[in-house]
Structure formats: structure tokens, C-alpha cells
Amino acid sequence: MPRSFSKGCAMIPNTLKKLWADGRPTINGWLSIGNSFTAEIMAAQGYDSIGIDLQHGALDYNAMLPMLQAMRASGVTPLVRVPWLEPGIIMKALDGGAYGIICPMINTAEEAARFVSYLRYPPSGQRSFGPTRANFAVGANYAAEANGEILAFAMVETADAMANLDAIAATPGLDGIYVGPADLTFSLHGGRLPPAFDREEPEMIEALQAIVRACHNHGIRAALHCGTPEYAGRAVAWGFDMTTVSNDVRLLAGAADAAVKRFRALTAGALTKGDDVKGGY
């Protein structure tokens, strides 16, 4: 639950870590629309965490910050997917109040180590100090506690990353691997299979399960972006600790599409207002 802060107040604990320690899988929401009201609505729906997508979402840092502010009252754990492995935006997202960073296209252990270093203050990393909003949003003791609360998720989504999977998972300070199934499918099969979520190909399911094994062998978490709750349930049964189910764009489009189709079905053949029942014009 959110609370007021005073000088010296401890940082709010990362609830994802507690849920995982209790053996509970978590559900993550996803925001691709750069709007604080959309973020506020999604945050109120009961997700354990919500990711803001700076990579493919229709938003930038100036949209992200008010979205983080809008989610604060809900108590949901805020995550941010950054556009790339670049220290500036990683550090700014953390200074804005993100409790975890998801970094795309991590292909080697060296890249994973650099990513981790950008999230941790010295001596654990090279993060620059200046938590402009984080000091107020999550607690004034941020400097002392952030290294232990912030989550680092490396995205495995290429054939190169799969070849280096065990070394990536063994990276000190990495908290988890987040699977982008669309890019992973595209890369592993040279474009032969179209990019999409919820893969049914045996070789893709085998790859996903290999990622879970590598993560758990090295004591880190496995996360998967899914298209449906049903597939997310299967992923949890395979051992995934966190699943993202769809995103705001798809949920909005799907609900609107279903409503329009239902209306068309219910009113098929009906006369519109003003039609002449005796035959019209």
C-alpha cells in the first residue's frame, strides 16, 4: 500500500521479490500507449507489476514520467522496458521511479554484465547518483537500498542469445530473463515462422523451457510475454515466474472489436431509425 514519506523513511520493498520468495507466480501488465490515465486505469486492475514500453510503445520519457506518477497510488510495481542497452535512459528511468528495467536484445554475457552495471550504484555498478523523483516516490533511504530492490531483466530474443543462454543467466547481479517470443521465433528460424506470441511449435516450446531451466539453475527468475491468460497459465506450469498478458493496445482493440461485432450480430436486419416501414422511398 502507498504511504506518506518523511526524511529517512525506508524504501518501499519490491513486492515482486516477496511474491516470488513465497513461491507465487506474478502477472505483469503492459503499457504501450503514452497516457497517464491509461496507466492509472491499468494499474487499478490487480496486476502485480506493470511495464511501460519505451522500446516499441507510442511514448517517450516525457510520457513515461507522468505514467509512473499515475500508477503510484495503486501500489503496483512499476517496470520499464528501455529502448536499448544505453546507460542514459536506463538511469533516467530508474531516477523516475522504475523498480525494474527490462533491456532488449541482450545477446552475450558481456552485454548482460554491462546492463547490470548501469542499474547498480557503486561498488556493485556504475550507476550515477541523482534519483530526482525516486527519492520522493519510493523513500528517502533510496541510495542505501536501491541496489537490493531494483530488478534487472535481460531480454533473450535472438539465436545468439540462446547460444549464450547459460552464460547470460550466470551473470552476477542479473535478476531474471524476459523472453520476447516474437523476436526469438523470428531469429531462431530465420524468418521462416512469423513473429507472434503464444508459440505452439514444439521447437519453440523446447526453447522456452530451456530458458526456464537456465534461469532456475542460476537462481534467477524467468518471465514470458504472452498473448492470452490461458497461455500464461501453461507458462507458469513450465516454471515461468512472471508472465505478461497482452498489452493496453491489444486489450482496448479486442474489447472494442468484440463490442462492435456483438452489436452487429444483435442488430442484423434491423431497420434504422427513420426507415419507412411501408417500404421506404
Side-chain angles (χ1 to χ4, degrees), residues 1-5 9-20 24-83 89-104 119 130-142 145-146 148-153 155 175-176 178 221 223 225-226 229 232 241-255:
M1 294 295 291
R3 60 177 187 259
S4 299
F5 297 105
C9 186
M11 183 177 174
I12 298 175
N14 192 323
T15 57
L16 290 180
K17 288 193 168 189
K18 183 179 188 309
L19 290 169
W20 293 331
R24 295 172 58 185
T26 62
I27 180 171
N28 181 58
W30 201 253
L31 295 170
S32 296
I33 300 171
N35 184 275
S36 59
F37 187 34
T38 302
E40 185 177 35
I41 291 169
M42 287 282 284
Q45 304 313 310
Y47 293 99
D48 298 306
S49 58
I50 291 186
I52 298 175
D53 188 4
L54 287 181
Q55 184 190 19
H56 292 302
L59 66 137
D60 59 12
Y61 177 86
N62 289 332
M64 179 205 74
L65 190 61
M67 292 166 73
L68 289 170
Q69 292 172 311
M71 292 194 291
R72 181 175 181 263
S74 70
V76 70
T77 300
L79 309 175
V80 172
R81 177 165 73 173
V82 294
I89 190 58
I90 290 172
M91 295 182 196
K92 281 185 72 67
L94 292 172
D95 291 344
Y99 260 72
I101 299 294
I102 301 167
C103 188
L119 275 78
T132 306
R133 175 176 177 266
N135 260 340
F136 296 94
V138 301
N141 203 36
Y142 185 84
E145 299 182 54
E149 296 294 340
I150 299 301
L151 294 169
F153 273 100
M155 291 196 73
D175 295 292
Y178 190 104
R221 305 296 174 177
H225 204 115
C226 304
D241 303 281
M242 181 174 81
T243 52
T244 299
V245 178
S246 194
N247 64 22
D248 52 355
V249 173
R250 290 172 180 263
L251 292 170
L252 176 61

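Remember, predicted model here, so these are calculated numbers, not experimental data.
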**OP:** May I have the step-by-step check of side-chain contact (heavy atoms from CB on, under 4.5 Å) for Tyr99 and Thr15, ending in yes or no?
**Re:** CA-CA 10 Å; Tyr99 260 72; Thr15 57; over 6 Å; no

Original post:
Between Trp20 and Met242, is a side-chain contact (heavy atoms from CB on, under 4.5 Å) present by the stated rule, with each step listed?
Top reply: CA-CA 9 Å; Trp20 293 331; Met242 181 174 81; 4.0 Å; yes

Going from [atom1] on [X] to [atom2] on [Y], what distance comes out if it is rounded to the nearest 0.5 angstrom?
{"X": "Ile89", "Y": "Leu94", "atom1": "CD1", "atom2": "CG", "answer": "10.0 Å"}
{"X": "Asp175", "Y": "Ile101", "atom1": "CG", "atom2": "CD1", "answer": "11.5 Å"}
{"X": "Ile102", "Y": "Leu54", "atom1": "CD1", "atom2": "CG", "answer": "10.5 Å"}
{"X": "Leu59", "Y": "Ile33", "atom1": "CG", "atom2": "CD1", "answer": "10.0 Å"}
{"X": "Lys18", "Y": "Arg24", "atom1": "NZ", "atom2": "CZ", "answer": "7.5 Å"}
{"X": "Asn35", "Y": "Glu40", "atom1": "CG", "atom2": "CD", "answer": "10.0 Å"}

Is there a donor-acceptor pair under 3.5 Å between the side chain of [X] and the backbone N or O of [Y]?
{"X": "Arg72", "Y": "Ala137", "result": "yes"}
{"X": "Asp248", "Y": "Leu31", "result": "no"}
{"X": "Asp48", "Y": "Ile27", "result": "yes"}
{"X": "Lys17", "Y": "Gly148", "result": "yes"}
{"X": "Tyr61", "Y": "Gly96", "result": "no"}

Original post:
Cut-off 3.5 Å, side chains only: do Tyr47 and Ser74 have a donor facing an acceptor?
Top reply: no

Subject >> Distance-only side-chain donor-acceptor flag, Thr132 / Asp95, under 3.5 Å >> reply: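 Per modelled atom types, Thr132 and Asp95 side chains form no pair under 3.5 Å.
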
**OP:** Would you mind reporting whether Asp53 and Asn247 have side-chain heavy atoms less than 4.5 Å apart?
**Re:** no

Subject >> Side-chain touch Val82/Pro104, heavy atoms, less than 4.5 angstrom >> reply: yes

**OP:** Go through the steps for Met155 and Arg81 under the test side-chain contact (heavy atoms from CB on, under 4.5 Å), then give the verdict.
**Re:** CA-CA 10 Å; Met155 291 196 73; Arg81 177 165 73 173; 3.5 Å; yes

**OP:** For atom CZ of Arg133, decide whether the heavy atoms of other residues, nucleotides or ligands shown that lie under 6.0 angstrom number more than 12.
**Re:** yes

Testing the basics here: between [X] and [Y], what is the closest heavy-atom pair and its distance to 0.1 Å?
{"X": "Pro66", "Y": "Ser36", "result": "O-CB, 3.7 Å"}
{"X": "Gly34", "Y": "Ala63", "result": "CA-CB, 4.2 Å"}
{"X": "Met64", "Y": "Ala93", "result": "CE-CA, 4.0 Å"}
{"X": "Leu68", "Y": "Gly97", "result": "CD1-N, 4.3 Å"}
{"X": "Ala98", "Y": "Ile150", "result": "O-CD1, 3.5 Å"}
{"X": "Asn28", "Y": "Ser49", "result": "OD1-OG, 2.7 Å"}

**OP:** Could I get the full list of salt bridge (Lys or Arg N to Asp or Glu O under 4.0 Å) partners for Asp241, not counting sequence neighbours?
**Re:**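 Applying salt bridge (Lys or Arg N to Asp or Glu O under 4.0 Å) to Asp241 gives Arg221.
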
Subject >> Intermediate values then yes/no, side-chain contact (heavy atoms from CB on, under 4.5 Å), Val138 and Glu149 >> reply: CA-CA 11 Å; Val138 301; Glu149 296 294 340; over 6 Å; no

